[in-house]
Amino acid sequence: MDRMDPTRLHLACPHCAATNRVPAARIGDEPVCGRCGKPLLDGRPIELGDADFDAVVTASKVPVLVDFWAPWCGPCRAMAPAFEQASRTLKGRALLVKVNSDENPALSARYAVRSIPTLVRLSGGRETQRQSGALPAGAIVALAGA
Ligand SMILES: [Zn+2]
């Protein structure tokens, strides 16, 4: 099934809502929507999970900052706007990723996530920084650049 191909991400266009399948290796190249031609990411964080996380992290030419979160977590929801703001600030310099820890137990176990939100910075696929607890946008930017 197409959905199981981990090298192609399903991204909903923020402008026309069309679903686009983007090769993981192209995620840093400012992919555009196949229907309306507008940018698919626009500096927004992308949602990844157990199925497609590795393909993107392996292909990313820039550091990846992962936000492990869950919908029931108040501090996670409170931090979401700051994370989106940091993502726009870091566009082209770092890739900001959200992982729903409830829906992706394999990733949560691999990174030993014990509390959320937890931010994990990966460079070349290796963990270089980690911070638990909600942060303001400036601190998220600093963590991604560390
Ligand atoms: Zn579109």
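Heavy atoms only: backbone and side chains are in, while hydrogens, waters and symmetry mates are out. What you see is a predicted model; the values in this text were computed from it and never measured. Positions are given from 1, in the same order as the sequence printed here.
Here the shortest heavy-atom pairing between Gly34 and Asn20 reads N-OD1, 2.7 Å. The two atoms that bring Gly92 and Val62 nearest to each other are O-CG1, 3.5 Å, heavy atoms only. In terms of heavy atoms, Arg130 sits closest to Ala112 at NH1-O, 3.6 Å. Pairing each heavy atom of Gly125 with each of Val57, the nearest pair is CA-CG1, 3.9 Å. Across all non-hydrogen atoms, the minimal contact from Asp50 to Ala106 is OD2-N, 3.2 Å.
Between the CD1 atom in Ile46 and the CD1 atom in Ile27 there is a gap of 4.5 Å [rounded to 0.5 Å]. Note that the CG atom of Leu9 and the CG atom of Leu40 stand 10.5 Å from one another [nearest 0.5 Å]. Atom CG of Leu65 and atom CG of Leu90 lie 8.0 Å apart (nearest 0.5 Å). We find the CZ-CZ distance between Arg8 and Arg26 to be 10.0 Å, quoted to the nearest 0.5 Å. To the nearest 0.5 Å, atoms OG1 (Thr128) and CG (Leu122) are separated by 7.0 Å. Distance check: Leu119 CG to Ser132 OG gives 8.0 Å after rounding to the nearest 0.5 Å.
In this structure, Ile140 and Ser87 have side chains that are not in contact, with every pair of non-hydrogen atoms separated by 4.5 Å or more. Residues His15 and Pro39 have side chains in contact (heavy-atom distance under 4.5 Å, counting atoms from C-beta outward). Using a 4.5 Å heavy-atom threshold, the side chains of Arg35 and Cys13 count as separate. At least one side-chain heavy atom of Asn100 sits less than 4.5 Å from a side-chain heavy atom of Trp69.
With hydrogens and angles disregarded, no donor-acceptor distance shorter than 3.5 Å links the side chain of Arg126 to the backbone of Ser123. Between the Ser108 side chain and the Asn104 main chain, a donor and an acceptor come within less than 3.5 Å of each other. Under a 3.5 Å cut-off, the side chain of Arg121 and the backbone N or O of Ala144 do form a donor-acceptor pair. The closest donor-acceptor contact from the side chain of Thr58 to the backbone of Ala55 lies at 3.5 Å or more, if one exists at all.
In this view, Cys33 satisfies the disulfide bond (SG atoms under 2.5 Å apart) rule with no residue, not counting sequence neighbours. Applying the side chain to side chain donor-acceptor pair (under 3.5 Å) rule to Arg93 yields no partners; only residues at least two apart in sequence or on another chain are considered.
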For Val113 and Val99: C-alpha separation, side-chain torsions, deciding distance, then whether side-chain contact (heavy atoms from CB on, under 4.5 Å) applies. CA-CA 11 Å; Val113 175; Val99 171; over 6 Å; no
So Arg110 and Asp54, side-chain contact (heavy atoms from CB on, under 4.5 Å) or not? Walk me through it. CA-CA 12 Å; Arg110 192 205 300 174; Asp54 286 331; 2.9 Å; yes
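Screening residues 63-88 for salt bridge (Lys or Arg N to Asp or Glu O under 4.0 Å), with sequence neighbours left out, gives Asp67-Lys98.
By the neighbour-count criterion of 12 heavy atoms within 6.0 Å, atom CD of Glu127 is densely surrounded, having more than that number from other residues, nucleotides or ligands.
Ring-plane geometry between Phe68 and Tyr111 is classed as tilted, the angle between the planes lying from 30 to 60 degrees on a 0 to 90 degree scale.
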